[in-house]
Amino acid sequence: MKRIIVAGFQHETNTFAATRATLSEFELVDSWPGLLTGEEVAPGLKGTTIPLAGFIDAVETRNADNPDESIEMIPLCWASAEPASFVSDEAFETITSIILDGIADAGLIDGVYLDLHGAMVTDSHDDGEGELLSRIRTIVGDNLPIVVSLDLHANLTQRMVDHASAITIFRTYPHLDMAQTGARALPVLLHLLAGGVCYAAWKQVPYLLPLHAQFTCEDPMRELYEHVAAIGDAPSCWAEFAAGFPASDIADAGPAFLAYAESRNDAETMVNALYERSVAVESKFNLQLLDPPEAVTAAIKAHAETGKPVVIADVQDNPGAGGTSDTTGLIAALIAAGAKRAIVGMVHDPDLAASAHDAGEGAVIKGQLGGRGGGHPISGSFKVEKISSGKFPFGGDMYRGCIADAGPSAALLIIDDQSDIRVVISSKRCQNLDQAIFTHLDINPSDAAIIVVKSTVHFRADYESLGGVVINAFAPGLHPCRLEDVTFKNLRHGVRVTPGGRSHGN
C-alpha cells in the first residue's frame, strides 16, 4: 500500500487590495469551507468541485478498482481565504506548520499531493507556494514525488517548478475543471511512484493579461488552450498554461507555459512552440472596458433591441480578485440613467444589512449604501424586500456542492422616482458567480433588464444561459484591469504590462 500525504492551502493575493488575509480569514466559512484538518478534510470537501475533492475521488475510485494496490491517503488540512492583500505571517506559518508537522509525524510516506493556488504573496514571501514547497523538500528530500495542482491564475516561479515533481493547472476560466485538475494529478503521481520521470521546462510570456481578457471560451485564449491540450495527456507528455494574476505585484507575475516530457529537450521544444503562439496572438486580445455611463447606456440599448437581460460585469470590484465588493460607480450610473428593472449584487455592506434585518421585510430604512472601497456611498431610502441568513446552496456548475455563507443578507429596492433598481447586500464578501446570489432572495435574473455582477469572468458560467449581451465595465475598484495605468514596483524589467502595451521599466 502506498501512503500519500494530501493537503490544500490556497490564496490569490492582490497586493493592491485593502485588507490582509489573516488566520481568521482562513478559518472563516464563506463560499468554501473554513479551515479543515485531519479527518475533517475528506467529508468537508465531499461533493464539491474543489481540486482536492477531485483528487480524493480519483483515489477512491482507483482503490475500488484495484483493491490489491490501494493508496492510503493521509489528509493534513485544507485552507482557503477570500482573495485579499498579503497573507499574514501568522496565517502562513500556522497552516504551513500543520502541513510540515503532519509530514514529519506521518512515518514512512511515498508521495505528496498539494492543492495550491499559485499566486500567494505573504508578508515575508513573494512566492508563498515556492516557500512552502522548499520547506517540504527539506523534510522529504529531493526524490520523493510531490505533485501539485494550481489555479489558472497562478504566477509560476522557478522555485515552484524546481520543488514540485509535476504540476497540473486549471484550463478553464470560469474554472469548471477544478476537480478534474486535481484528478489529473493522480496518474502523474502514480507514474512517478512507479519510477517514471517527468522532465520539466517552462517559459514566461512577455506580457501580462488582465483577468477580463483571460476568458477561455473566446479566442485567443481558447486557441492557446487548444494547443496546450493537443500536446498530449499526463503522465507521458503534456503541457500546462498559467494565465497569471497581474494584481500580485511580484517579479514573476504573468502568464507562463509549462511542459513535461521524458526528455528535457522534448519539454523545451513544446514550451518554445507554445511561447511563439502566445506572441503571435498578442494583438488579438480584447481589452475593451466601458466607463459606467457608457456601459449603462449600452446595456439599456442592448436590452431594448434583444429583450434579454444584459449583464454588466463590474470587473474591478470583484471580491474574488481582492475587490472590496462595495464600490458604487455602476449603481450611480444606473440611477443617473433612470434604469428600469436593474439588479445589482452582491454589495458588501454589513452595517446596512444589519439595519435591514433589524427593520424587517417591508420596512423602509435610511442609510448609506457601499462606497467604502471606491466611489461615494449612495445615500437615501431603501425598501427591505427580503432578508436572509446568507446561507444558500450554489446551483451553478462552478461551485455546485458548496453552501454559501454570506452572512446576514438582504434585497433592497432603492427608492427613487426615476429608476427601478434592486441591490443585494451581504455581510461577507461573496463574488456573484451564481444566480443563487439573487434567487435565494426571490429575485429572478431572467426577469431583469440589466444585471450588474461584481465579478470578472466567473459569472459567465451561470449567467450566459440567460442569452443576453455581456458588457465589461471600468468602475472604481481595487482589482486593476487597465494595467497600463498601474504602477508596478516589483514586476520584472521588460515585460509588457498589457498585450501590446508599454514595457515595465522602460
I'd like to know whether [atom1] of [X] has more than 12 heavy-atom contacts from other residues, nucleotides or ligands below 6.0 angstrom.
X      : atom1 : result
Asp485 : CG    : yes
Asp65  : CG    : yes
Phe392 : CZ    : yes
Arg3   : CZ    : yes

Salt-bridge criterion met for [X] and [Y] (N-O under 4.0 Å):
X      : Y      : result
Glu268 : Arg264 : no
Arg460 : Glu464 : yes
Arg135 : Glu93  : yes
Glu90  : Arg20  : no

Please evaluate residues Phe9 and Trp78 with respect to the criterion ring-ring contact (aromatic ring centres under 6.0 Å, His included), reporting the C-alpha separation (whole Å), side-chain torsions for both, the decisive distance (0.1 Å), and the verdict. CA-CA 6 Å; Phe9 186 10; Trp78 185 85; over 10 Å; no
Minimum heavy-atom distance [X]-[Y], with the two atoms named:
X      : Y      : value
Gln214 : Pro246 : NE2-CD, 4.3 Å
Leu211 : Tyr173 : O-CE2, 3.4 Å
Asp317 : Ser325 : OD1-N, 2.8 Å
Gln435 : Ser465 : NE2-OG, 3.6 Å
Gly130 : Asp127 : N-OD1, 2.8 Å
His212 : Val315 : CB-CG1, 4.3 Å

Which word best sums up how the rings of [X] and [Y] line up, parallel for under 30°, tilted for 30 to 60°, or perpendicular for over 60°?
X      : Y      : result
Phe55  : Tyr113 : parallel
Phe26  : His11  : tilted
Phe241 : Phe257 : parallel

Go through the steps to decide whether His458 and His175 satisfy the test ring-ring contact (aromatic ring centres under 6.0 Å, His included), and finish with yes or no. CA-CA 7 Å; His458 284 325; His175 302 329; 4.5 Å; yes
Lys NZ or Arg CZ of Arg400 over Phe394 ring: under 6.0 Å, within 45°: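 No, Arg400 does not sit over the ring of Phe394.
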Between [Y] and [X], is there a side-chain donor-acceptor contact under 3.5 Å, judged purely by atom types and distance?
X      : Y      : answer
Thr122 : Ser124 : no
Thr157 : Asp252 : no
Gln10  : Asp151 : no

Phe459 and side chain to side chain contact (heavy atoms under 4.5 Å, CB included): which single residue from Asp314, Val311, Asp434 fits?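 Of all the options given, the one that passes is Val311.
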Can you tell me how far apart CD1 (Ile146) and CG (Leu144) are? Round to the nearest 0.5 Å.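 Taking CD1 in Ile146 and CG in Leu144, the distance rounds to 6.0 Å.
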